[in-house]
Amino acid sequence: MDLQRPRGTQDILPAETPIWHRVEAAAHRVAQSYGYREIRTPVFEHVEVFRRGVGDATDIVEKEMYEFEDRGGRRLVLRPESTAAVARALQQTSLLAEPPVRLYYIQSHFRYERPQSGRLRQHTQFGVEAWGVLGPIADAEVIALAESLLTELGLKRLVVRLNSIGCTDCRPRYREALVSYLSDHREELCGDCQRRLERNPLRVLDCKVPGCQAVVAGGPKPLDYLCEACETHLSGVEAALEALGITYERDGSLVRGLDYYSRTVFEIGYEKLGAQSTVCGGGRYDGLMEALGGKPQPAVGFGLGLERLILTLEAEGLLPPGESPVDVYVAYLGEPLGPEAMRIAHMLREAGQRVEMEALGRSLKAQLRRAQKLLAPFVVILGPQELERGVVVVRNMKTSAQAEVPIEQLAEAFHNQTA
RNA sequence: GUGAAUGUAGCUCAGUUGGUUAGAGCACCAGGCUGUGGCCCUGGGGGUCGGGGGUUCGAGUCCCCUCAUUCACCCCA
């Protein structure tokens with residue numbers, strides 16, 4: 001095989017498209033039920049959108065972008081995420097003239113990573129963003145929206161984890177305290193954490209190495225450093241979640257890799273998925289718009305990975321059963337009857353039936369086998385004897401009952417059958 | 001980017017210490033039943049053994065490189 005799909009991509013075959021339709025339809029419906037409206041942004045953007053929005057020092061920008069130069073010498077990149085792109089779109093248009101603006105998207109994202117279960121180089125996110133909203137109600141609203149979607153799809157036992165990473169006022173104070181504490185215990189940290197200490201010290205908090213956990217346990221707690229405004233915000237989010245009956249876990253070690261997050265961060269996960277068990281991740285990003293050179297605008301939102309969501313549905317046995325792609329299979333005997341069989345198929349299609357017609361001129365036995373394989377409930381059989389009398393045999397594949405029906409009454413017969 | 005495992009028919013897999021024409025089940029096609037699916041029987045089509053190089057009289061089997069998949073790390077959806 002010399003032609004293969006690029007690494008980390010997948011072909012979604014006809015057997016799988018129904019679950020995608022179902023998930024996407026649910027996402028549209030739930031988002032709209034919260035008053036969110038769909039936005040679509042370009043597949044590629046100028047690199048600067050993500051350099052400034054996501055952050056230069058993040059893994060995404062540093063080593064995961066599909067970057068290229070176009071024929072006009074522009075530095076472009078396949079979007080690695082959508083929030084920065086949406087922020088760019090808002091700046092460029094008049095949408096934000098009348099806040100709040102509630103948006104959602106279902107878009108592909110591209111990151112050059114080593115693939116594994118639940119991680120692809122092209123993946124799809126259902127994302128939701130509320131712009132121009134400052135209060136904790138908005139944070140709770142997007143979490144509730146994600147919950148609604150997961151519930152609607154039949155999922156239970158997903159864990160919501162919640163934390164606050166502070167704002168531009170209090171985060172630096174905590175960061176400083178943490179770095180100074182960790183530096184004193186540098187020798188006790190794992191190699192990864194020694195590097196994290198330089199680049200992204202907050203990451204040390206959720207290291208899984210026992211030794212690091214022990215060090216962290218004795219160090220400064222992020223929540224102790226929250227400023228009053230951030231603390232009030234967090235308890236506001238919790239109060240709203242409680243009012244909605246949404247159960248969550250406070251997780252002081254939950255942090256986010258992207259620069260633009262502030263205050264609220266949250267994840268919704270499903271343990272059975274293995275290492276990539278986070279289905280939904282989000283938070284607040286009040287500083288993003290300014291980082292992109294625009295007027296400051298508070299915002300909160302999340303990204304929900306559809307591939308991971310579908311893996312979860314699969315693991316929970318929630319995939320829809322296979323359904324027949326057709327209502328009627330039109331079989332005929334002998335090439336000369338092809339045109340008349342086509343006419344019959346056409347008539348049925350115009351009457352709203354989904355029809356597959358024999359295309360290979362095989363034996364009746366083979367045609368029936370094919371119809372069975374397709375789970376077609378009915379087969380219309382046209383042979384020379386029938387044609388002579390202007391009728392057709394209609395076979396019910398489930399009961400094996402057969403009846404002759406005049407060709408001109410066929411459409412009506414099926415209409416009554418399915419009505 | 002790091003570590004490990006795996007690549008043989010459309011699918012799931014056998015294939016002995018290296019030995020002649022590489023197999024099975026399922027799926028597909030045909031026939032048994034010259035116009036009727038499911039069960040059964042018989043036959044048939046399908047393979048660059050992931051790719052390239054090497055060792056050898058001889059490589060699916062051993063060695064090197066490469067590509068891909070899977071799992072984990074980093075990180076993330």
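Separating the CZ atom of A:R369 from the C1' atom of B:U36 is a distance of 11 Å, rounded to the nearest angstrom. Taking atom OH on A:Y112 and atom C1' on B:U2, their separation rounds to 14 Å, with Å as the unit. Taking atom CG of residue A:D59 and atom P of nucleotide B:C73, one finds them 15 Å apart after rounding to whole Å. Following rounding to the nearest Å, A:R5 (CZ) and B:U70 (P) show an atom-to-atom distance of 9 Å. Atoms CG (A:L374) and P (B:G38) sit 15 Å apart, rounded to a whole Å. In this structure, the OH atom of A:Y104 is 21 Å from the P atom of B:A77, given to the nearest Å. Atom CD in A:E307 sits roughly 13 Å away from atom P in B:U70 (whole-Å rounding). For the pair A:E267 CD and B:A77 P, the computed distance is 8 Å after rounding to whole Å.
In this structure, A:H123 forms an aromatic stack with the base of B:A77, since both conditions hold: centre separation below 5.5 Å and plane angle below 30°.
Listed nucleotides: B:C33, B:A68, B:G35. Nearest to the side chain of A:P384: B:G35. Candidate nucleotides B:A77, B:A68, B:G37 were compared by shortest atom distance to the side chain of A:M397, and B:G37 ranks first. Side chain of A:A366, nearest nucleotide from B:G38, B:A30, B:C75: B:A30. Picking from B:C71, B:C75, B:G35 the nucleotide with the shortest atom distance to the side chain of A:E64 gives B:C75. Side chain of A:Q385, nearest nucleotide from B:G35, B:G32, B:A77: B:G35. The side chain of A:D192 lies closest to B:C74, out of B:U36, B:C74, B:G31. The side chain of A:P115 has B:U70 as its nearest neighbour among B:U2, B:C73, B:U70.
Taking the six-membered ring where tryptophan is involved, the planes of A:Y105 and A:H109 are perpendicular, since the angle between them exceeds 60° and thus also 30°.
The residue A:G118 sits close to a base: some heavy atom pair falls under 4.0 Å. A:R362 comes within 4.0 angstrom of sugar-phosphate atoms only, judged by non-hydrogen atoms across all strands, and of no base. At the heavy-atom level, A:L309 lies nowhere under 4.0 Å from the strands shown. Here A:G282 lies out of heavy-atom contact (under 4.0 Å) with every strand. Using a 4.0 Å heavy-atom criterion, one finds that A:L306 contacts no nucleic acid atom at all. Contact annotation for A:Q276: base contact, defined as any heavy-atom pair under 4.0 Å involving a base atom.
Between A:R7 and the phosphate of B:U69, there is a side-chain N or O to OP1/OP2 separation shorter than 4.0 Å. Between A:S117 and B:U70, a side-chain N or O to OP1/OP2 separation shorter than 4.0 Å is absent. In this model, the phosphate group of B:C74 is not approached by any side-chain N or O of A:R114 to a distance below 4.0 Å at OP1 or OP2. Checking the phosphate oxygens (OP1, OP2) of B:G1, no side-chain nitrogen or oxygen of A:K63 falls inside 4.0 Å. Contact annotation: A:R256 side-chain N/O to B:A77 OP1/OP2 distance is under 4.0 Å. For B:G38, the OP1/OP2 oxygens have no side-chain nitrogen or oxygen of A:Q372 closer than 4.0 Å. Of the side-chain N and O atoms in A:K373, one or more sit less than 4.0 angstrom from OP1 or OP2 of B:C28. For the OP1/OP2 pair of B:C73 and a distance below 4.0 Å, the side-chain nitrogens and oxygens of A:R119 include no atom meeting the criterion. Put simply, A:R196 has a side-chain N or O that comes within less than 4.0 Å of OP1 or OP2 on B:C74.
Base pairing of B:C75 is not made with any nucleotide, judged by Watson-Crick or G-U wobble geometry with both donor-acceptor distances under 3.5 Å. Pairing for B:U56 is absent, with no Watson-Crick or G-U wobble pair whose two atom distances lie under 3.5 Å. A 3.5 Å limit on both hydrogen-bonding distances identifies B:U6 as the Watson-Crick or G-U partner of B:A68. A 3.5 Å limit on both hydrogen-bonding distances identifies no Watson-Crick or G-U partner for B:G46.
Closest non-hydrogen pair, A:Q402 versus A:R395, comes out as OE1-NH1, 2.6 Å. Between A:L189 and A:Q194 the shortest heavy-atom distance is O-NE2, 3.1 Å. Annotation for A:Y332 and A:Q367: closest pair O-NE2, 2.8 Å, computed over non-hydrogen atoms.
Side chain A:S400 to base B:G38: a donor-acceptor pair is found below 3.5 Å. No hydrogens or angles were tested; on distance alone, nothing pairs the side chain of A:Q367 with the base of B:U36 as donor and acceptor under 3.5 Å. One can find a donor-acceptor pair under 3.5 Å joining the base of B:G35 and the side-chain atoms of A:E386. Within 3.5 Å, no donor on the side chain of A:R370 pairs with an acceptor on the base of B:G37, nor the reverse.
Between A:Y36 and A:Y104, the ring centre distance reaches or exceeds 6.0 Å.
Of the two residues near RNA chain B, A:T9 and A:R308, the one whose nearest nucleotide lies more 5' is A:T9. For the pair A:L333 and A:V255, both in contact range of RNA chain B, the more 5′-proximal nearest nucleotide belongs to A:L333.
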Exercise for review: Show your reasoning for whether salt bridge (Lys or Arg N to Asp or Glu O under 4.0 Å) applies to A:E81 and A:R88.
Suggested key: CA-CA 12 Å; A:E81 59 107 52; A:R88 190 231 82 227; over 6 Å; no

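How far CG of A:D11 is from CZ of A:R5: 4.5 Å, rounded to the nearest 0.5 Å. With rounding to the nearest 0.5 angstrom, the CZ atom of A:F266 is 4.5 Å from the CD1 atom of A:I143. A distance of 11.0 Å separates OG1 in A:T312 from CD1 in A:I268, rounded to the nearest 0.5 Å.
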